[in-house]
Amino acid sequence: MARLNHVSAETINLEFRHLKAIFNRARFYRYIDENPFQGVKPIRVPENELPRFLELEEITKVRELFKIDLFQHLIEFYLLTGAPGLKNLSA
C-alpha cells in the first residue's frame, strides 16, 4: 500500500472503518447491493505502535497544566474517557 508511506496504519484503519460505515448506510438505503469494503480487514498494527495510557503522575501534571484554562473541561473529558490527543503532551 503506497498510502502507508504517508500516513500511519491506524489512520488507514480509521479511513477504512469510515468508508465501510458509509457504504453500509448506502446499502441500508438500497443505493447499492453490496458493501465493497465488507471483506476488507484492518492492517495489523505491531504492538509497539499501540497507544499507551497516561500514568497517574502524567494525569496529575496534565490537570495542573490546564487548571485555569478555558479548555479545562475538555481536557478532563479526554482524561476520563481515554480519548486520544493527549499522548504527546509534555510539561
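Not measured: the values here are computed from a predicted model. Because only heavy atoms are used, hydrogens play no part in the values below, and waters and symmetry mates are left out as well, while side chains stay in.
Counting only heavy atoms from C-beta outward, the side chains of Lys20 and Val40 never approach each other to under 4.5 Å. Inter-residue side-chain proximity for Arg27 and Tyr31 is flagged as unmet; no heavy-atom pair is nearer than 4.5 Å. When side chains are defined from C-beta on, Pro42 does not count as touching Phe16, because their heavy atoms never get closer than 4.5 Å. Residues Ile75 and Asp69 have side chains not in contact (no heavy-atom distance under 4.5 Å, counting atoms from C-beta outward).
No donor-acceptor pair under 3.5 Å is formed between the side chain of Thr11 and the backbone N or O of Val7.
A distance of 15.0 Å separates CZ of Phe71 from CZ of Phe77, quoted to the nearest 0.5 Å. Put simply, CZ on Arg17 and CD1 on Ile22 are 13.0 Å apart, with the number rounded to the nearest 0.5 Å. To the nearest 0.5 angstrom, Asn24 atom CG is 11.0 Å from Phe37 atom CZ. Here the CZ atom belonging to Phe28 is positioned 14.5 Å from the CG atom belonging to Asn35, to the nearest 0.5 angstrom. For the atom pair His6 NE2 and Ile12 CD1, the distance stands at 10.0 Å (nearest 0.5 Å).
Hydrophobic clustering (ILVMFWY, side-chain heavy atoms < 4.5 Å, transitive): Leu19 and Leu14 are in distinct clusters.
Minimum interatomic distance between Ala9 and Ile43 (heavy atoms only, all atoms of both residues): CB-CG2, 3.9 Å. Closest non-hydrogen pair, Lys67 versus Gln72, comes out as O-OE1, 3.0 Å.
Taking 4.0 Å as the cut-off between side-chain N and carboxylate O, Lys61 and Glu58 do not count as a salt-bridged pair.
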